[in-house]
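Reviewing the structure listed below.
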Amino acid sequence: MAFDRPLLRRTGGLTFWRLLGTGRGRSMSLGADLRRWALFAVWREEADLEAFLRDSPIAARWRAEAVERWQVRLAPLASRGTWGGRDPFPRPAEHGARQGPVAVLTRASIRARRLAAFYRSVPSVDRLLARQDGCLASIGVGEWPLARQATFSLWRDAAAVRRFAYGDDEHLRVVARVRAHDWYSEELFARFIPYGSEGTWNGADPLA
C-alpha cells in the first residue's frame, strides 16, 4: 500500500483518496486483517475512474494479487463533517424519497485521551450491527492504527439506517457519550446511493 501512494497522487481525475486497512469486526475495532485493504476514492468524472481501472498499474497489480475483490460505485446523498479538514464529496443532488440500498460511511479522528473509552464501546456496536436485519454488510476501516477509524456499511434501505441510528437505546447511549465527552477531534458522516458493484465480499456481492 505504501508504494501505491506516489502513483495515486499523480492519477488524473482523482480528487480525494484514502488507502485504508481493515479491521476484523463489523465496525471500528482493535483487531486488524492484514490480508485485506481498501481504497476510498472520489473521482472528477466517471471516465477518470474507467481510465484508472483500465490503465493504472495499481489496478492491474490488485487484480493480479487479490484472491477476492469487490468494488462499488457511489453517488453522494448527504455528508456532514470533514475528512482531513475538508468535505471531499461534491454537493449531493436532490434525489427525492430514496428507495433501495443505501451506503453509509462514518469516519472519526479519536482524541488520544478518549481511545480507551472508545474501544470499550466497540463490542456493543459490533453486536448491534450483527443483529440488524437491514444491514447487508459492514466493515471497520482505518487510515492509522487506533486513532483514525471508519466504518463502511451497506443497508437495505434508508429506513434500516434510521432504525439503527435512532431506534436502539444501546446505540443512542454510545452516541450520547461521544457528544458528552468529546471523543473526536474530527468526524464525517456520509450517505450514498450504490449504483454499481462488481466482484465478491466474503464470497458474495452484498448488493446482488
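Quick note: residue numbers are just sequence positions, from 1.
- Looking at heavy atoms from C-beta onward, V141 lies out of side-chain contact with R18 at the 4.5 angstrom threshold.
- The line from OG of S153 to CD of Q132 is 10.0 Å long, rounded to the nearest 0.5 Å.
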Give the intermediate values and the outcome of side chain to side chain contact (heavy atoms under 4.5 Å, CB included) for residues T151 and I139. CA-CA 6 Å; T151 298; I139 190 169; over 6 Å; no
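- Between W62 and L39 the shortest side-chain heavy-atom distance falls below 4.5 Å.
- Taking all atoms of both residues into account, the shortest heavy-atom contact from G142 to Q149 is CA-NE2, 4.1 Å.
- Here the closest heavy-atom approach between residue P206 and residue L136 is recorded as O-CD1, 3.8 Å.
- Surrounding CZ of R35 are at most 12 heavy atoms belonging to other residues, nucleotides or ligands under 6.0 Å away.
- Across A160 and G134, no two heavy atoms sit closer than the pair CB-CA, 3.8 Å.
- Rounded to the nearest 0.5 angstrom, L154 CG and S138 OG are separated by 8.5 Å.
- Between the CH2 atom of W183 and the OG atom of S109 there is a distance of 15.0 Å, given to the nearest 0.5 Å.
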Could you list the donor-acceptor pairs under 3.5 angstrom formed between side-chain atoms of residues 69-77 and any protein atom two or more places apart in sequence or on another chain?
from, atom 1, to, atom 2, distance (Å)
W70, NE1, D205, OD1, 3.0
R73, NH1, E46, OE2, 2.7
R73, NH1, E50, OE2, 2.9
R73, NH2, E50, OE2, 3.2

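- Residues D157 and V102 form no side-chain contact, since every pair of their non-hydrogen atoms from C-beta on lies 4.5 Å or further apart.
- The ring-ring contact (aromatic ring centres under 6.0 Å, His included) test applied to W17 returns no partner, not counting sequence neighbours.
- Among all heavy-atom pairs drawn from L20 and E143, the shortest one is CD2-CG, 3.6 Å.
- Using modelled atom types and a 3.5 Å distance limit, the side chains of T22 and D33 yield no donor-acceptor pair.
- A 4.5 Å side-chain heavy-atom check between R80 and D87 finds every atom pair outside the cut-off.
- The shortest side-chain heavy-atom distance between R111 and D182 falls under the 4.5 Å cut-off.
- In this structure, the side chains of L207 and W201 stay at 4.5 Å or more apart for every pair of heavy atoms.
- Pairing each heavy atom of G12 with each of W43, the nearest pair is O-CZ3, 3.9 Å.
- When hydrophobic clusters are built by joining Ile, Leu, Val, Met, Phe, Trp and Tyr residues whose side-chain heavy atoms come closer than 4.5 Å, directly or via intermediates, L105 is not grouped with L19.
- The two atoms that bring R63 and L53 nearest to each other are NH1-O, 2.8 Å, heavy atoms only.
- Side-chain contact between L8 and F52: present, with at least one pair of heavy atoms (C-beta onward) separated by less than 4.5 Å.
- Ring-plane geometry between F89 and F192 is classed as perpendicular, the angle between the planes exceeding 60 degrees on a 0 to 90 degree scale with a lower cut at 30.
- Residue N202 places its CG atom among more than 12 non-hydrogen atoms of other residues, nucleotides or ligands, all under 6.0 Å distant.
- Within the model, atoms CE of M1 and CH2 of W37 stand 8.5 Å from one another, a figure rounded to the nearest 0.5 Å.
- A donor-acceptor pair under 3.5 Å links the side-chain atoms of E186 to the main chain of G84, judged by distance alone.
- In this structure, the separation between CH2 on W155 and CZ on R191 is 12.5 Å, given to the nearest 0.5 Å.
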Would you check, one step at a time, whether the test ring-ring contact (aromatic ring centres under 6.0 Å, His included) holds for F16 with W83? CA-CA 10 Å; F16 180 90; W83 193 338; 5.4 Å; yes
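- The side-chain heavy atoms of P57 and L7, taken from C-beta on, include a pair separated by under 4.5 Å.
- Not counting sequence neighbours, E198 has no partner by the salt bridge (Lys or Arg N to Asp or Glu O under 4.0 Å) test.
- Between the side chain of D48 and the backbone N or O of E45, at least one donor-acceptor pair lies under 3.5 Å.
- Using a cutoff of 4.0 Å between basic side-chain nitrogens and carboxylate oxygens, R156 and D133 are scored as salt-bridged.
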